**Q** 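For reference, the structure I am asking about is given below.
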2 protein chains.
Amino acid sequence: MLGEFEYLIITAAAGLGERAYGATIREEIEASGRSCSIGALYTTIDRLEAKGLLKTWMSDATPERGGRAKRMVSITPSGVNAAKEFYETVMRISRGASWVANQSRSVL
Amino acid sequence: MLGEFEYLIITAAAGLGERAYGATIREEIEASGRSCSIGALYTTIDRLEAKGLLKTWMSDATPERGGRAKRMVSITPSGVNAAKEFYETVMRISRGASWVANQSRSVL
DNA sequence: CCATTACTCACACAATGTAGTACTAACAAT
DNA sequence: ATTGTTAGTACTACATTGTGTGAGTAATGG
């Protein structure tokens, strides 16, 4: 099973599409109010890659100040599956919990 | 932040209400298709109690064969908050993800 | 006394977090 | 042009927290 942080990274990367790499993923995560240390980010990316849930490759350096080569990220089909399963597990578990709003609406 | 298993236990206990203790929580979890070893269960209950997210106490023995005293569980207000936050974090993160169905409906 | 129900313990492994290091390129000063 | 400074990026080693295992122990009713 994915951890919450792993899910977070996969989801952010999926949303960023072609623009996904360490720094943009981090911004995305912190923008949602969750802190994301650099180290935690890369170790998790490594682990996810080892599990085959995403793949990475080095791009060429861009002509920006400090434009070091980026480690680009994209989600594999397995990665999408894993994320989907995580999401559905949380949904299933949560069914009926008092802190879940609007439970009846989902049926309408 | 809660782990997935911690969330699972809090949710199961919340659903069971007065009847929540080790064995019923375990049944509840396994009924949802997720395995739940005894050891993992109690370790996690211990940790959650240490964090103040739930409280436990020993009940009297029941008059059933083998009816040993049970370690009853109930969720504290902090526990409800933590669960709620976990749920909302996952929801917020997931907004827009391709694997989430019916995204428009939530607005209606 | 023994089958049943339930909990405890000791440890192993996996996921997440922190802090610090190192590399690259633009920019600025000389 | 050379050098130093700074910003953007990636990597590594270690610390902490979360999850898993299953044998072992205790209490109770028959």
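Remember, it's a predicted structure, so these values are computed and weren't measured experimentally. Here is the naming used below: chain letters follow the sequence lines, and residue numbers restart at 1 for every chain.
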**Q** Please check: side-chain N/O of B/Glu28 versus main-chain N/O of B/Ala13, any donor-acceptor pairing under 3.5 Å?
**A** no
**Q** Can you identify which nucleotide, out of C/dA6, D/dG18, D/dT21, has its nearest atom closest to the B/Thr43 side chain?
**A** D/dT21
**Q** Which ones in residues 12-39 of chain A lie close to DNA chain D, meaning a heavy atom under 4.0 Å from one of its atoms?
**A** A/Tyr21, A/Gly22, A/Ala23, A/Ile38, A/Gly39
**Q** Between C1' on D/dG18 and CZ on A/Arg47, what's the gap in Å once rounded to a whole number?
**A** 12 Å
**Q** May I ask you to verify if any side-chain N or O of A/Lys51 is less than 4.0 angstrom from the OP1 or OP2 atom of C/dA15?
**A** yes
**Q** On a heavy-atom basis, which atom in B/Gly22 and which in B/Leu41 lie closest, and how many Å separate them?
**A** O-CD2, 3.3 Å
**Q** Check the distance between C/dG20's P and A/Tyr42's OH and give it to me in whole angstrom.
**A** 19 Å
**Q** Are any side-chain N or O atoms of B/Thr11 and backbone N or O atoms of A/Ser94, one a donor and one an acceptor, separated by less than 3.5 Å?
**A** no
**Q** From NZ of B/Lys70 over to C1' of D/dA26, roughly how many Å is that when rounded to an integer?
**A** 14 Å
**Q** Considering every strand and a 4.0 Å limit on heavy-atom distances, what is the contact class for A/Phe5: base, sugar-phosphate, or nothing?
**A** sugar-phosphate
**Q** Roughly how many Å is it from CD in B/Glu49 to P in D/dG18, rounded to a whole number?
**A** 15 Å
**Q** Looking at B/Glu6, is its backbone amide N or carbonyl O close enough to the side chain of B/Thr44 to form a donor-acceptor pair, meaning the two atoms are under 3.5 Å apart?
**A** no
**Q** Send over the distance from B/Phe86 CZ to C/dA15 C1', rounded to a whole Å.
**A** 13 Å
**Q** Could you check how far CG of B/Asp46 sits from P of C/dC9, rounded to whole Å?
**A** 9 Å
**Q** Pick out the pairs of N or O atoms, protein on one side and nucleotides 22-26 of chain C on the other, that lie under 3.5 Å.
**A**
residue	atom	partner	partner atom	Å
C/dC23	O2	A/Arg68	NH1	3.3

**Q** Measure the distance from CG on A/Leu2 to P on C/dA14 and round it to the nearest whole Å.
**A** 15 Å
**Q** Would you check if the side chain of A/Thr24 reaches a backbone N or O of A/Arg19 as a donor-acceptor pair within less than 3.5 Å?
**A** yes
**Q** Counting distance only, does the side-chain N/O of A/Glu49 pair as donor-acceptor with the main-chain N or O of A/Thr56 below 3.5 Å?
**A** yes
**Q** Show the nearest heavy-atom pair for residues A/Trp57 and A/Val73, with the distance to one decimal.
**A** CZ3-C, 4.2 Å
**Q** Whole-Å distance between D/dA26 C1' and B/Met58 CE?
**A** 10 Å
**Q** Are the side chain of A/Ser37 and the backbone N or O of A/Ala40 linked by a donor-acceptor pair below 3.5 Å?
**A** yes
**Q** With A/Ile10, which of A/Leu48, A/Thr76, A/Val80 fulfils side-chain contact (heavy atoms from CB on, under 4.5 Å)?
**A** A/Leu48
